[in-house]
Asks: 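Pasting a structure below so you can have a look.
Both backbone and side-chain heavy atoms feed into the values below; hydrogens, waters and symmetry mates do not.
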Amino acid sequence: TPKKGVETAIEQLEKERPQSDSRQVAEAINRLKEQVEGQAAGVKGASGKTESLKLIDIYNAEIWHRIQKQWAFSNQLAQGKTNIEAIIIIKIMKNGQIRDIWFEERSGNTFIDDSVFRAIKKSDPLPSLPEAYPRPYYEVGFRFNLSELQKR
């Protein structure tokens with residue numbers, strides 16, 4: 001059942017999550033748990049409409065967790081700045097292979113941009129897209145913020 005699949009995915013993420021993992025991943029897992037608990041009655045979205053938990057949301061949390069584990073950066077190369085961020089878009093094929101990578105917004109620091117790009121490349125391939133996903137590929141963007149990396 002979808003509820004069982006969600007619970008299994010959450011358990012797997014919790015097992016893989018290192019103790020030093022970012023607060024953002026822990027919060028995403030907690031949000032997923034809350035949605036699972038409210039799934040029987042439906043989940044109220046920001047618009048006030050009842051929404052069901054989508055498998056793609058779980059997939060997003062899982063791939064973001066995997067990519068974050070690959071992201072490494074030396075604070076010395078940031079020259080003391082902590083509010084630097086880059087936004088990168090990736091195209092994921094059904095089998096999890098990353099086909100395209102491009103920046104929506106560069107950080108302004110070549111070293112950070114390179115580290116973000118390398119984290120994506122090291123994560124290839126990602127898990128396969130959910131079977132129910134209707135398209136042959138999935139495009140998703142990630143915001144890499146240096147302040148988040150420093151909290152881990």
Asks: If you measure from OG on Ser123 to CZ on Phe142, what distance do you get to the nearest 0.5 Å?
Replies: 9.0 Å
Asks: Provide the full list of salt bridge (Lys or Arg N to Asp or Glu O under 4.0 Å) pairs with a residue in residues 107-118, sequence neighbours left out, each pair given once.
Replies: Arg106-Asp113
Asks: Could you give the distance from CH2 (Trp64) to CZ (Arg66), rounded to the nearest 0.5 Å?
Replies: 15.0 Å
Asks: Count I, L, V, M, F, W, Y as connected when their side-chain heavy atoms are under 4.5 Å apart, and connections chain through other members. Are Ile67 and Ile87 then in the same cluster?
Replies: no
Asks: The criterion is side chain to side chain donor-acceptor pair (under 3.5 Å); which residues satisfy it with Glu85, sequence neighbours excluded?
Replies: Arg143, Asn145
Asks: To the nearest 0.5 Å, how far apart are CD1 in Ile112 and CZ in Phe144?
Replies: 12.0 Å
Asks: What side-chain donor-acceptor pairs closer than 3.5 Å can you find for residues 89-105, not counting sequence neighbours?
Replies:
unit_1: Lys94; atom_1: NZ; unit_2: Tyr133; atom_2: O; d: 2.3
unit_1: Asn95; atom_1: OD1; unit_2: Gln97; atom_2: N; d: 2.9

Asks: With Ser115, which residues qualify under side chain to side chain donor-acceptor pair (under 3.5 Å), at least two apart?
Replies: Trp71
Asks: For residues 124-138, pull every pair meeting salt bridge (Lys or Arg N to Asp or Glu O under 4.0 Å), keeping only residues two or more places apart or in separate chains.
Replies: none
Asks: Please list, chain by chain and in numerical order, all residues satisfying ring-ring contact (aromatic ring centres under 6.0 Å, His included) with Tyr59, sequence neighbours excluded.
Replies: none
Asks: Enter the distance from Leu126:CG to Ile120:CD1 here, rounded to the nearest 0.5 Å.
Replies: 7.5 Å
